[in-house]
There are 2 protein chains.
Amino acid sequence: MSTMTTASPDALAQRLADSGLRSTPQREVIYDVILRKRDHPTADEVYARVRADMPSISLATVYNCLETLVQCDLVRAVNFERAPTRYCPNLHPHAHFHDEQSGSIHDIQLPAELLEKISSVLPAGYDAKSLQITFRGKAQPAA
Amino acid sequence: MSTMTTASPDALAQRLADSGLRSTPQREVIYDVILRKRDHPTADEVYARVRADMPSISLATVYNCLETLVQCDLVRAVNFERAPTRYCPNLHPHAHFHDEQSGSIHDIQLPAELLEKISSVLPAGYDAKSLQITFRGKAQPAA
DNA sequence: GCAACAAATTGGAATGGTTCTAAGTAGCAA
DNA sequence: TTGCTACTTAGAACCATTCCAATTTGTTGC
Ligand SMILES: [Mn+2]
Ligand SMILES: [Mn+2]
Ligand SMILES: [Zn+2]
Ligand SMILES: [Zn+2]
């Protein structure tokens, strides 16, 4: 059994409990929405999707829950330039490809070997805790 | 003589003229400020530094001129998370190291060989026009 | 079950970097 | 000069996000 990198909906309650937090209907439906369509939605897009199931939820709660999911390491917040923050359930180390044509975001798998090479360009004294790699350009609708 | 990658103040007028734009005192002093202290200042920081020489300049003009310098490829705009945009006169391809302790930004030189390896992880159909690499962590005040 | 307490949600106001707008100023061309 | 355009300016507007105070919900101890 390898390390868990993309949790299931069931994992949510456990992960929240581990952090001393409650599993709430709002947190559940938001996490579910993010797992269901992995297109790196913004908070507004999450809000729109969640309201289909839960019309009374507030935008403030969407922001609060997304922050909670990020804190619990169930979701990653990713930023491109100064555009609205997007949310990604892919917990593997990966790069992002931003298609300028369509605005869509694609995950790019990164070999561990390459990650190591990249980190090795840091001069002595630099200790990187995280690494962010973003491509921008044109992507074929291949598939 | 190698390709120009970090222009001098003198290059400004020429580069502006090439784009059909005028060299103005505001553009000159802003570019000069960015060349003088290469610490990736924000627009506000540029504003504060420029006002020492030119107290009557407006913040709107600072934003306008920075945008112009970016368009003319004399300066690069760099973003970290959703923090205020920073401006960098280093035109070589390079990565950024964000020191969480001090908030300072350090340029990290990237071997061409590595850039090639990174781009080669893109699947067929992906055509990247730009690549952004950001480290985050602790940096020694070495030197 | 019930009271007390803590955690979470909510609507709306506030924040802050950036962009927009409309008016004024400055440089260039006939 | 006169006209034309580019540029600068102050302040308003924008908008993603955060903050706030009030309410609701869940949990714990009895
Ligand atoms: Mn982007
Ligand atoms: Mn940063
Ligand atoms: Zn992703
Ligand atoms: Zn730089």
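Chain naming here is simple, since letters A, B, ... match the order of the sequence lines and numbering starts at 1 in each. Everything numeric in this text was worked out from a predicted model, so none of it was measured.
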**Q** Between protein and nucleotides 15-30 of chain C, map the contacts as a letter string: B base, S sugar-phosphate only, - none, heavy atoms under 4.0 Å, written 5' to 3'.
**A** --SBB-------B---
**Q** Hey, could you give me the CD1/CG distance between Ile118(A) and Leu110(B), rounded to the nearest 0.5 Å?
**A** 8.5 Å
**Q** Roughly, in whole Å, what's the span from CG in Leu66(A) to C1' in dT10(C)?
**A** 16 Å
**Q** Rounded to the nearest Å, what distance is computed from the OH atom of residue Tyr47(A) to the C1' atom of nucleotide dT10(C)?
**A** 10 Å
**Q** Return yes if some donor-acceptor pair links the side-chain N/O of Arg27(A) with the main-chain N/O of Arg22(A) below 3.5 Å, else return no.
**A** yes
**Q** With a 4.0 Å cut-off on heavy atoms, is Thr61(A) in touch with a base, just the backbone sugar-phosphate, or nothing at all?
**A** base
**Q** Walking along DNA chain D from 5' to 3', note the first and the last nucleotide with an atom under 4.0 Å from a heavy atom of chain A, and give both.
**A** dA16(D) to dT27(D)
**Q** For the pair Gln132(B) and Thr134(B), evaluate side-chain hydrogen bond (donor to acceptor under 3.5 Å, both in side chains) and give the outcome as yes or no after the intermediate values.
**A** CA-CA 7 Å; Gln132(B) 188 209 317; Thr134(B) 304; 3.1 Å; yes
**Q** Are any side-chain N or O atoms of Arg86(A) and backbone N or O atoms of Pro41(A), one a donor and one an acceptor, separated by less than 3.5 Å?
**A** no
**Q** Partners of Phe97(B) by ring-ring contact (aromatic ring centres under 6.0 Å, His included), sequence neighbours excluded?
**A** Tyr126(A)
**Q** With a 3.5 Å distance limit and no angle check, can you tell me whether Arg38(B) reaches the backbone of Leu35(B) through a side-chain donor-acceptor pair?
**A** yes
**Q** Here's a test of your reading of the structure: between Ser58(B) and Ser23(B), which maps to the more 5' nucleotide of DNA chain D?
**A** Ser23(B)
**Q** For the side chain of Glu45(A) and the backbone of Thr42(A), is there at least one donor-acceptor N/O pair under 3.5 Å apart?
**A** yes
**Q** Could you tell me the separation between the CG atom of Asp127(B) and the CG atom of Leu122(B), rounded to the nearest 0.5 Å?
**A** 9.0 Å
